[in-house]
Amino acid sequence: MQITEIYKSLQGESTHAGLACVFVRLTGCNLRCVWCDSEYTFQGGRKMSSEEVWNEVTRLNPSGGLVEITGGEPMLQERELLPLIRQLLEAGYRVLLETSGERPLERVPAGVVKIVDVKCPDSGEADTFHIDNLEMLTAHDEVKFVLSGRADYEFARDFTQRHRLAERVNAVLFSPAFRKDATGARDSSQCLLDPQKLAEWMLADDVPARLGLQLHKYIWDPAMKSV
Ligand code: SF4
């Protein structure tokens, strides 16, 4: 597997936010979201065997707990990744898989919590979600929309309602995008969409979703990596 980094931090943007988590960040992505804060994963990294990744995860979190598989787009390395995920599940780890849903998810083990980041129009990657993946969502999964303006909000609201997402998954998350060059201030002035405005829109429309903030960007400098 090509790996950008493996580190321990707090999970920042799901219903698991605030919990200690080991992140396995895979290299490579087939999308180019305009606000992407993970461009450093597009290239480079280092080749690691599944055993080396396993050894690092168990060193950082020997007693089990949360492991998030992220990227980049981790499903681009599905062939090597899925056996490792099965191994982690069998050992009792709770595995989160962050994916855009552009790749088919049918082979992802049922025990994995999929956090599917459906791309909105202003990301520049609209219509990349593989619609058949809706049928792969289970009651413990989560669907996330990263929003940078009103058009994104309306897309997410309508998608949520049209596909009855709240009945399919554990949580639907609406999250304001951060500026990708954000640095210094650890507050919502760095968001492309004001969380207060988003909250008011969600309340006005009674959207069955929760507003999510990227917790780690309020704890550490938004430009900091490996947190
Ligand atoms: S899918 Fe994720 S890693 Fe890929 S460009 Fe979009 S935000 Fe960045």
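Counting convention: from 1, in listed order, for ligands and their atoms alike. It should be emphasised that the depicted structure is a prediction, and the values quoted were computed from it without experimental measurement.
For Gln43 and Thr27, the side-chain atoms include no donor-acceptor pair closer than 3.5 Å. Using modelled atom types and a 3.5 Å distance limit, the side chains of Thr128 and Glu102 yield no donor-acceptor pair. With no hydrogens or angles considered, no side-chain donor-acceptor pair links Tyr93 and Asn61 at under 3.5 Å. For the residue pair Ser175 and Glu13, no side-chain donor N or O sits within less than 3.5 Å of a side-chain acceptor on the partner.
Numbered from 1 in the order shown, with element, the atoms of ligand 1 that lie under 4.0 Å from a heavy atom of Trp35 read 7 (S).
Listed by chain and number, the protein atoms of type N/O/S under 2.8 Å from atom 8 (Fe) of ligand 1 are Cys36 SG; waters are omitted.
For the pair Arg32 and Phe42, the distance from NZ or CZ to the six-membered ring centre is under 6.0 Å and the angle to the ring normal is within 45 degrees.
Of the possible polar contacts, one joining the Gln2 side chain to the Gly44 backbone as a donor-acceptor pair under 3.5 Å is found. Judged purely by atom type and a 3.5 angstrom limit, Gln11 has no side-chain atom pairing as donor or acceptor with the backbone of Cys21.
For atom 2 (Fe) of ligand 1, the closest non-hydrogen atom on the protein side is Lys119 NZ, 4.1 Å.
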